[in-house]
Amino acid sequence: MQEELDPFKIAQKQLDTAAEVMNLDRQAHAILREPMQTVIVNIPARMRNGETKRFTGFRVLYSNARGPGKGGIRYHPQESLETVKALAAWMTWKCSLANIPYGGAKGGIICDPKSMNPQELESISRGYIRAVGQFIGPDKDVPAPDVYTTPQIMAWMMDEYSKMHGKNEFGVITGKPLEVWGSEGRFDSTAMGGMYVMREAAKLLKINVKKARIAIQGFGNAGSFAFELATKLGAKVVAISDSHGGVYSGKGLDFQKLTETKEKTGSVVTYKGAEKITNEELLKLDDIDVLIPAALENQITAANADKINAKLVLELANGPVTPEADQILFERKVLDMPDFLVNSGGVIVSYFEWAQNRQGYYWTQDEVYKRLDTIITKSFADTLDTQKKYAQAGKKISPRTAAYVIAVSRVASAMKARGWY
Ligand code: NAD
């Protein structure tokens with residue numbers, strides 16, 4: 001049978017697995033299998049040739065049982081409602097696992113941002129906010145940047161929403177530039193959170209981080225900061241890749257040289273003094289301790305999960321491991337830390353930004369990192385405690401299912417307390 005790769009069906013399957021393990025009430029389960037609200041909008045945007053072009057945008061509020069929706073906005077030519085729904089579901093579990101006072105949401109526009117100039121991007125971004133304006137707000141649903149959206153785009157969106165409401169509404173959106181009250185530490189928060197998880201997992205597996213050998217798939221926002229931070233911790237990144245392929249050096253790769261190579265040639269594959277490898281080979285390297293998928297979904301599947309040699313997989317990307325691969329890794333005792341724990345640093349610092357906007361009092365970068373460490377380290381411990389508790393009761397579950405059990409039970413309890421079932 002073909003492996004299921006539809007992201008929303010995968011999200012539902014993961015929920016179903018957790019629901020069965022935890023005996024979730026069937027009414028709560030039915031509510032949680034579908035988003036609360038799905039909005040599809042038409043966005044007219046002014047193009048450089050003077051014409052107005054129509055774009056399709058989405059905003060999905062998956063759950064607001066524990067607080068306002070929270071989740072990024074993606075600009076992508078292949079954006080689809082199914083992907084946005086899956087990502088909105090994952091945001092719900094991510095915010096719940098981190099125990100921050102949000103539900104989950106996601107948005108997107110079908111467009112090709114790489115072909116647009118700044119004026120066109122501004123026009124489409126402001127148009128999106130006018131179209132979804134009545135569905136978002138600091139107490140309703142709080143967007144943020146995601147694939148191909150930037151702090152500048154967040155600033156335009158905040159400005160448009162503020163104009164619609166006749167007052168500054170900094171708390172309507174996070175991931176803003178510092179000039180308009182973004183948060184210190186937001187730019188590398190996803191990777192920073194991932195590094196705190198790596199530190200905790202390494203303790204458990206008795207891996208000495210200072211001697212750890214790491215392979216990272218993807219050298220974008222998440223992957224490049226993870227590379228830099230891991231190197232600062234003393235670890236050796238021996239392999240890296242991007243959409244053109246990868247490079248490997250047993251002695252370790254140099255971050256500065258790699259960044260320059262990428263800037264000059266547009267890819268990491270032209271890095272001198274390292275061996276060229278494919279993305280598939282990177283995943284299967286046999287002399288690494290930690291594998292960090294930081295690029296795309298569905299990279300570790302039933303077809304290659306039995307060839308993963310790392311002791312620890314840190315899912316910095318969203319959805320890089322399919323449910324079948326998750327099971328294979330678990331049976332092979334590879335510790336696979338799930339995406340909605342590992343990459344939750346971004347949304348946790350987004351939460352700090354929103355909290356600071358509401359207080360009008362701003363924290364230092366050190367305070368931000370310390371608070372992030374506290375929250376994500378607690379999520380890690382909660383996940384392993386839950387896994388242990390189930391194992392003691394004779395049910396062996398993966399860290400992903402354990403994290404789901406925690407996240408889903410918190411959302412279900414909130415729904416119960418509110419009288420939704
Ligand atoms: P990005 O666009 O900045 O970088 C993506 C990287 O993946 C690029 O280096 C690209 O070349 C590479 N890539 C593309 N196709 C590839 C392929 N076939 N094989 C190998 N590499 C390939 O994106 P990002 O923001 O770094 O996000 C990466 C992943 O992390 C996504 O799954 C995203 O949802 C997730 N994530 C990112 C953040 C964040 O704060 N940036 C937060 C949470 C989750």
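Remember, it's 1-based here, ligands and their atoms both numbered in the order they're listed.
- Of the candidates Leu296, Asp188, Val347, Asn343, it is Leu296 that places a heavy atom closest to atom 15 (N) of ligand 1.
- For Asp306 and Arg332, the salt-bridge test fails: no basic side-chain N is under 4.0 Å from an acidic carboxylate O.
- Nearest to atom 23 (O) of ligand 1 among the protein's heavy atoms is Asn221 N, 4.4 Å.
- Classification of Glu315 and Arg400 as a salt-bridged pair holds, one side-chain N sitting under 4.0 Å from a carboxylate O.
- A side chain to side chain contact (heavy atoms under 4.5 Å, CB included) with Val313 holds for exactly one of Ile292, Ile308, Leu283; it is Ile308.
- Ligand 1 has a nitrogen or oxygen under 3.5 angstrom from a nitrogen or oxygen of Ser243.
- Aromatic ring centres of Phe55 and Tyr128 lie farther apart than the 6.0 Å criterion allows.
- By the 6.0 Å and 45° rule, Lys257 stacks over the aromatic ring of Tyr271.
- Nearest non-hydrogen protein atom to atom 7 (O) of ligand 1 is Ala295 CB, 3.3 Å.
- Taking the six-membered ring for Trp and the full ring otherwise, Tyr102 and Trp354 have centroids separated by under 6.0 Å.
- Counting heavy atoms under 4.0 Å from ligand 1, residue Ala294 touches it through the backbone alone.
- Contacts of Asn279 with ligand 1, taken as heavy-atom pairs under 4.0 Å, involve the side chain alone.
- A ring-centre distance under 6.0 Å is found for Phe225 and Phe187.
- Not a single heavy atom of Val147 sits under 4.0 Å from any atom of ligand 1.
- Remark: Lys106 engages Asp146 in a salt bridge, criterion side-chain N to carboxylate O under 4.0 Å.
- Nearest to atom 32 (O) of ligand 1 by heavy atom, out of Val268, Asn318, Leu316, is Asn318.
- The nearest heavy-atom contact from the protein to atom 26 (O) of ligand 1 is Ala222 N, 2.8 Å.
- Taking atom 2 (O) of ligand 1 as the reference point, the nearest protein heavy-atom neighbour is Tyr148 CE2, 4.5 Å.
- Inclusion of Gly220 in the set of residues having an N or O under 3.5 Å from an N or O of ligand 1 is warranted.
- Gly107 and Arg59 get closest at one heavy-atom pair: N-NH1, 3.2 Å.
- Heavy atoms of Gln217 found under 4.0 angstrom from ligand 1 belong exclusively to the side chain.
- Remark: ligand 1 atoms within the under-4.0 Å shell around heavy atoms of Ala317 are 29 (C), 30 (O), 32 (O), 35 (C).
- Protein heavy atom nearest atom 21 (N) of ligand 1, with residue, atom name and distance: Asp242 C, 3.3 Å.
- At a heavy-atom distance under 4.0 Å, only side-chain atoms of Thr190, from C-beta outward, approach ligand 1.
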